[in-house]
Amino acid sequence: MTGGRRSFLLLAWLVVVAALGFFVQQRLVVSGDLRLFMPAPSTRAESLLLDEVGQGPASRLLLVGLTGAAPEALAETSVALADRLRADPEFQLVANGETRTDALTDDLLPYRYLLSASLDSNRLDGPFLARELQRRVRDLASPAAGLLEPWLRRDPTLEVLDLVQAWQQPTEPQRLHDVWFDSGGTTALLLVQTKGQGFNSDSQQAAIRVLRNSFADSRKAAGEQLIVTGPGAFSALMKERTQSEAQLIGTI
């Protein structure tokens, strides 16, 4: 084979490689959706399960841990961080063990009588409401009046509170200084639900960015550290690694 022919073949090979690289760059879609690693659904039940895995409430939950300081400081940081996150549109629910009357959203109110057992043995009529209001008058004279008063105009029969008590788990994380802690008492715990889907890496990256910035503004001790885990955290991590690898390839 002559030198000219070898040069022509090498040039042709480089053109083909460049064309294939351009084709892949235009068509390749990198996704952080972990459902792609699961078997394809074959029934409606499997499709529903797969949708819930990617879009359901559980996929949007983040477990947050605060560690590296005394329990008192961690508890103060937990309260301050929760207040900041509740005010941010990236998050739908924030729970850290505090007893708050505003922790229950109005979303449950339209369905409270359908979900509770109160009307299984009572009728929603004048005598029933009169009895309930008399009970609220007695409640307002009790030490719990401060907690119940904000609810009376929203739910005078307190159906939502009855539902919460019925749904409350028999076991939950221990409370120190009125917030959740792990069993060792060294890590304050928060449960956060994002508005974006759990495997939507862009929305999860934005939510975790807000979470980290809010923690930096809320921490009460210099040594405190933030730990985040959950489907959204994995999705955001995959996105960050993909972006880092793309930048590395771009510099080669």
Side-chain angles (χ1 to χ4, degrees), residues 18-42 44-68 77-96 102-108 180 187-219 224-252:
L20 289 175
F22 177 78
F23 177 81
V24 170
Q25 184 181 18
Q26 296 297 315
R27 298 297 183 90
L28 180 64
V29 178
V30 180
S31 174
D33 194 337
L34 298 182
R35 291 175 295 174
L36 297 176
F37 294 94
M38 300 180 182
S42 57
R44 294 182 62 184
E46 291 177 355
S47 298
L48 177 61
L49 176 61
L50 201 61
D51 288 341
E52 287 300 309
V53 168
Q55 305 177 25
S59 72
R60 296 183 280 119
L61 288 178
L62 297 174
L63 179 60
V64 179
L66 308 177
T67 188
T77 301
S78 175
V79 173
L81 177 59
D83 288 341
R84 286 181 178 271
L85 296 181
R86 290 187 184 108
D88 194 281
E90 291 286 347
F91 302 98
Q92 187 170 0
L93 173 69
V94 179
N96 65 341
D102 60 348
L104 301 173
T105 66
D106 290 337
D107 296 342
L108 286 176
W180 286 331
T187 304
L189 303 175
L190 299 91
L191 193 63
V192 176
Q193 186 180 63
T194 64
K195 286 190 175 180
Q197 297 178 7
F199 295 138
N200 184 329
S201 55
D202 292 330
S203 65
Q204 291 300 317
Q205 264 193 324
I208 291 178
R209 190 180 305 114
V210 171
L211 177 58
R212 290 170 178 167
N213 293 337
S214 298
F215 167 72
D217 295 334
S218 303
R219 60 181 179 180
E224 290 183 12
Q225 299 177 359
L226 176 72
I227 304 171
V228 186
T229 187
F234 299 142
S235 180
L237 180 61
M238 290 176 62
K239 180 74 171 182
E240 291 174 359
R241 289 188 174 178
T242 302
Q243 290 174 338
S244 299
E245 292 174 357
Q247 292 175 356
L248 179 62
I249 293 174
T251 60
I252 296 176

J.: Measure the spacing between CG of N213 and OG of S218 and express it to the nearest 0.5 Å.
T.: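 Result: 10.5 Å between the selected atoms.
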J.: Run I208 and L62 through side-chain contact (heavy atoms from CB on, under 4.5 Å) and show every step you take.
T.: CA-CA 9 Å; I208 291 178; L62 297 174; 4.2 Å; yes
J.: Indicate the atoms forming the closest heavy-atom contact of L190 with L63, along with that distance.
T.: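 So the minimum-distance heavy-atom pair works out to O-CD1, 3.5 Å.
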J.: Out of curiosity, R219 CZ to L66 CG, how far, rounded to the nearest 0.5 Å?
T.: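 Those atoms lie 11.0 Å apart.
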J.: What heavy-atom pair brings V228 and A233 nearest, and what distance separates the two atoms?
T.: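 Result for this residue pair: O-CB, 4.0 Å.
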J.: In Å and rounded to the nearest 0.5 Å, what is the CG to CG distance from D83 to N96?
T.: 8.0 Å
J.: Could you tell me the separation between the CG atom of L93 and the CG atom of L191, rounded to the nearest 0.5 Å?
T.: 6.5 Å
J.: Which atom names give the shortest non-hydrogen contact between S203 and E90, and what distance separates them?
T.: O-OE1, 4.1 Å
J.: Show the nearest heavy-atom pair for residues Q193 and L61, with the distance to one decimal.
T.: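 Looks like CB-CD2, 3.8 Å.
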J.: Considering all heavy atoms of both residues, which atom of K195 and which atom of R60 are nearest to each other, and what is their separation?
T.: O-CD, 3.8 Å
J.: Only one of L211, I227, T229, V94 forms a side chain to side chain contact (heavy atoms under 4.5 Å, CB included) with V64, so which one is it?
T.: L211
J.: Compare every heavy atom of G65 with every heavy atom of T187, then report the nearest pair and how far apart it is.
T.: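 Minimum heavy-atom separation between T187 and G65: CG2-CA, 3.8 Å.
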J.: Is there side-chain contact between V210 and F91, with at least one heavy-atom pair below 4.5 Å?
T.: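 Yes - at least one pair of side-chain heavy atoms lies under 4.5 Å apart.
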